[in-house]
Number of protein chains: 2
Amino acid sequence: MVELQTPQLDSIFHALGDSTRRRMLFELADGERTVGQLAEPFSISLAAASKHIKALENAGLIRREIHGRTHLCRLEPGPLASAHNWLGFYERFWTERLGVLEQLLRMEDSGKTTDPEGDDS
Amino acid sequence: MVELQTPQLDSIFHALGDSTRRRMLFELADGERTVGQLAEPFSISLAAASKHIKALENAGLIRREIHGRTHLCRLEPGPLASAHNWLGFYERFWTERLGVLEQLLRMEDSGKTTDPEGDDS
DNA sequence: AAGACAGTCAACCATATGGTTGAATGACTG
DNA sequence: CAGTCATTCAACCATATGGTTGACTGTCTT
């Protein structure tokens, strides 16, 4: 369903790999925020915050609506769902119930499993 | 409840933000692999692969067992579960069923005002 | 029109990242 | 013991990243 391509996951996970950006997402979970509002909790310059926001936007994690001189940002759940879905592939490894049995089956099966990566270089 | 150990998430998501490393994880989902085996599918030096593996190990995503001169790597699901769990916080945003209603409730709840007049460009 | 305000852009800087090559460490093999 | 094999380490390089400051664009206010 949510088959995504490698470069997208790259930018998504990269964007999530920064606590400032994760914090911003968390704020956005509560509703729309302007760039200034997103920047405010951090002791970094507006320009720096702007870059973070751009990274989030670039990863598709947020969307921006320009209202006059203010930019309103909102959470865009799609990429989060993609990442969640990608991780879901590994769920059986921490859902220990059938883990061992399942691995045995996999080894026997041995064939190509669905690569969550979608395509590959 | 949802806010997790920030530095750990940093390294986890950072490790996942590289397709080479994701591919390695995928291989490891099929069973243990040596460093050489993990490196083989890529056209990079062993040293480079070693660095990737170190990043994965550093994020706790894999564990290494040294058997003589070979290092056997295995998937460590915990951090993947953490990341999955972290993303789960946002699940309601892509589980659209109640999404709109929920957002309305949230807005009322927090009195955020932010009434978007004409909300669209 | 003047000025404040929201935000981006550009230049710059330090550090991190991903890659390379060549040497070093350690463990099997003959 | 000598040599090969599996891996890491160290030095190095180019590029990316995250941060800063100052100038710039464009919008709202008065």
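What's counted below: heavy atoms across the whole structure, side chains too, no hydrogens, waters or symmetry copies. Order of the sequence lines fixes the chain letters, A, B, ..., with proteins taken first and strands second; residue numbering starts at 1 for each chain.
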Without placing hydrogens or testing angles, list every side-chain donor-acceptor pair under 3.5 Å for residues 66-73 of chain B, not counting sequence neighbours.
from: B:His67; atom 1: NE2; to: B:Glu65; atom 2: OE1; distance (Å): 3.0
from: B:Thr70; atom 1: OG1; to: B:His67; atom 2: O; distance (Å): 3.2
from: B:His71; atom 1: ND1; to: B:Arg64; atom 2: NH1; distance (Å): 3.0

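- Spacing between atom CG of A:Leu38 and atom P of C:dT8 amounts to 10 Å, rounded to whole angstrom units.
- Residues B:His84 and A:His84 place their aromatic rings such that the two centres sit under 6.0 Å apart.
- Across the protein-nucleic acid pair, B:Ile66 atom CD1 and C:dT25 atom P stand 16 Å apart, rounded to whole Å.
- For the OP1/OP2 pair of C:dG19 and a distance below 4.0 Å, the side-chain nitrogens and oxygens of B:Ser45 include no atom meeting the criterion.
- Distance CG (A:Asp10) to C1' (C:dT17): 13 Å, rounded to an integer number of Å.
- Every salt bridge (Lys or Arg N to Asp or Glu O under 4.0 Å) that B:Glu32 has, sequence neighbours left out, goes to B:Arg74.
- With sequence neighbours excluded, the residues that form a side-chain contact (heavy atoms from CB on, under 4.5 Å) with B:Asp10 are A:Ser19, A:Arg22, B:Thr6.
- As a whole-Å value, the separation of A:His52 NE2 from C:dT8 C1' is 15 Å.
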Using a 3.5 Å cut-off and no angle test, enumerate the donor-acceptor pairs between side-chain atoms of residues 43-51 of chain B and protein atoms at least two apart in sequence or in another chain.
from: B:Ser45; atom 1: OG; to: B:Ala48; atom 2: N; distance (Å): 3.1

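- The separation between A:Phe42 atom CZ and D:dT20 atom C1' is 17 Å, rounded to whole Å.
- Taking atom CE of residue A:Met24 and atom P of nucleotide C:dG7, one finds them 11 Å apart after rounding to whole Å.
- Closest approach to the A:Asp18 side chain among C:dT20, D:dG18, D:dT20 is made by D:dG18 (side chain taken as heavy atoms from C-beta onward).
- In this structure, the side chains of A:Leu25 and A:Ile62 come closer than 4.5 Å at one or more pairs of heavy atoms.
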Contact string for nucleotides 3-14 of chain D, one letter per nucleotide 5' to 3', B = base within protein heavy-atom range under 4.0 Å, S = sugar-phosphate only, - = neither, reads -BBSBSB-B---

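- Here C:dG7 presents its P atom at 12 Å from CD1 of A:Ile62, a figure rounded to the nearest Å.
- With sequence neighbours excluded, the residues satisfying salt bridge (Lys or Arg N to Asp or Glu O under 4.0 Å) with B:Arg33 are B:Glu27, B:Asp30.
- Contact annotation: A:His14 side-chain N/O to D:dA16 OP1/OP2 distance is not under 4.0 Å.
- In this structure, B:Ile44 atom CD1 and C:dT17 atom P are separated by 16 Å, rounded to whole Å.
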